[in-house]
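First comes the structure, then the notes that go with it.
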Amino acid sequence: MAESEKVLPIPGKDDVTDEKASLIGHTEAKHGYDEPPPAYSSIEPTFYTPSPSMKVPTNGIPPPPKNYLVLAIVATVFCFFPLGLVAVYFATKVEKAWVYGDQESALNYSAKAKNWSVFAIVTGIVIDIVIICFVVVFVNTSQSGGGY
């Protein structure tokens, strides 16, 4: 074997002594890199999935209250804009109060968001009915020839 073909030892592989091997848990003094790792346990983990109807507590903290933001936005866009904006305001405050740990205020804001949303929807429907009634009455009076 020529000097250029001499195999050089790999640092850390061939210099493991019996004492070092026993400290790191190897039974053989020389542990090669090409050997497979020790076998792992063949026990498969079992996952428990609760049924959808089951309420699962998260670290003892109850879930946050509904913020009714979608209802508030719908009330703002399709019903009565000013009252809908108030509902959106309270709906956005629910999450902030919950994150800061103020559960009482979060529940209060949630109830206010729901009430203002319903109020905006009812007001919008009443205004639409009044407008329709005025249009129907105006069209009937203008077609019948009555009036001034």
Side-chain angles (χ1 to χ4, degrees), residues 9-148:
I10 299 173
K13 179 179 177 186
D14 295 328
D15 59 349
V16 177
T17 62
D18 290 334
E19 182 180 320
K20 286 183 183 176
S22 66
L23 289 176
I24 58 175
H26 296 296
T27 55
E28 297 178 20
K30 294 185 178 183
H31 187 71
Y33 292 112
D34 297 329
E35 295 178 20
Y40 293 103
S41 173
S42 64
I43 298 174
E44 293 293 323
T46 305
F47 296 104
Y48 173 72
T49 306
S51 66
S53 64
M54 203 173 170
K55 292 185 179 179
V56 180
T58 55
N59 300 332
I61 300 172
K66 291 181 72 173
N67 60 6
Y68 298 102
L69 184 60
V70 173
L71 182 65
I73 292 172
V74 168
T76 303
V77 173
F78 294 112
C79 296
F80 193 61
F81 186 76
L83 298 179
L85 284 179
V86 175
V88 169
Y89 170 76
F90 285 119
T92 57
K93 291 187 70 94
V94 172
E95 292 294 325
K96 291 177 186 174
W98 190 262
V99 167
Y100 288 123
D102 192 2
Q103 296 178 0
E104 185 177 336
S105 292
L107 292 170
N108 188 20
Y109 291 141
S110 174
K112 284 183 179 182
K114 179 182 176 186
N115 291 340
W116 281 101
S117 297
V118 170
F119 190 45
I121 291 170
V122 169
T123 303
I125 290 172
V126 168
I127 289 173
D128 288 344
I129 290 173
V130 168
I131 290 172
I132 289 171
C133 288
F134 277 124
V135 168
V136 168
V137 169
F138 179 73
V139 169
N140 283 340
T141 56
S142 66
Q143 287 179 353
S144 66
Y148 303 106

Tell me, please, which residues at least two apart from V137 pass side chain to side chain contact (heavy atoms under 4.5 Å, CB included). T141
Side-chain donor/acceptor pairs under 3.5 Å, residues 70-83, sequence neighbours excluded:
residue : atom : partner : partner atom : Å
T76     : OG1  : A72     : O            : 2.7
T76     : OG1  : G84     : O            : 2.9

For residues 97-109, which residue pairs qualify under side chain to side chain donor-acceptor pair (under 3.5 Å), counting only residues two or more places apart or in two chains? D102-S105
Donor-acceptor contacts under 3.5 Å from residues 110-127 side chains, at least two apart:
residue : atom : partner : partner atom : Å
S110    : OG   : K66     : O            : 2.5
N115    : ND2  : A111    : O            : 3.3
S117    : OG   : A113    : O            : 2.7
T123    : OG1  : F119    : O            : 2.7

If I compare all heavy atoms of N67 with all of A91, which pair ends up nearest, and what's the gap? O-CB, 3.0 Å
Is there side-chain contact between F90 and V86, with at least one heavy-atom pair below 4.5 Å? yes
Set of residues satisfying side chain to side chain contact (heavy atoms under 4.5 Å, CB included) with respect to V99, sequence neighbours excluded: none
Are the side chains of P64 and V94 in touch, meaning some heavy atoms are under 4.5 Å apart? no
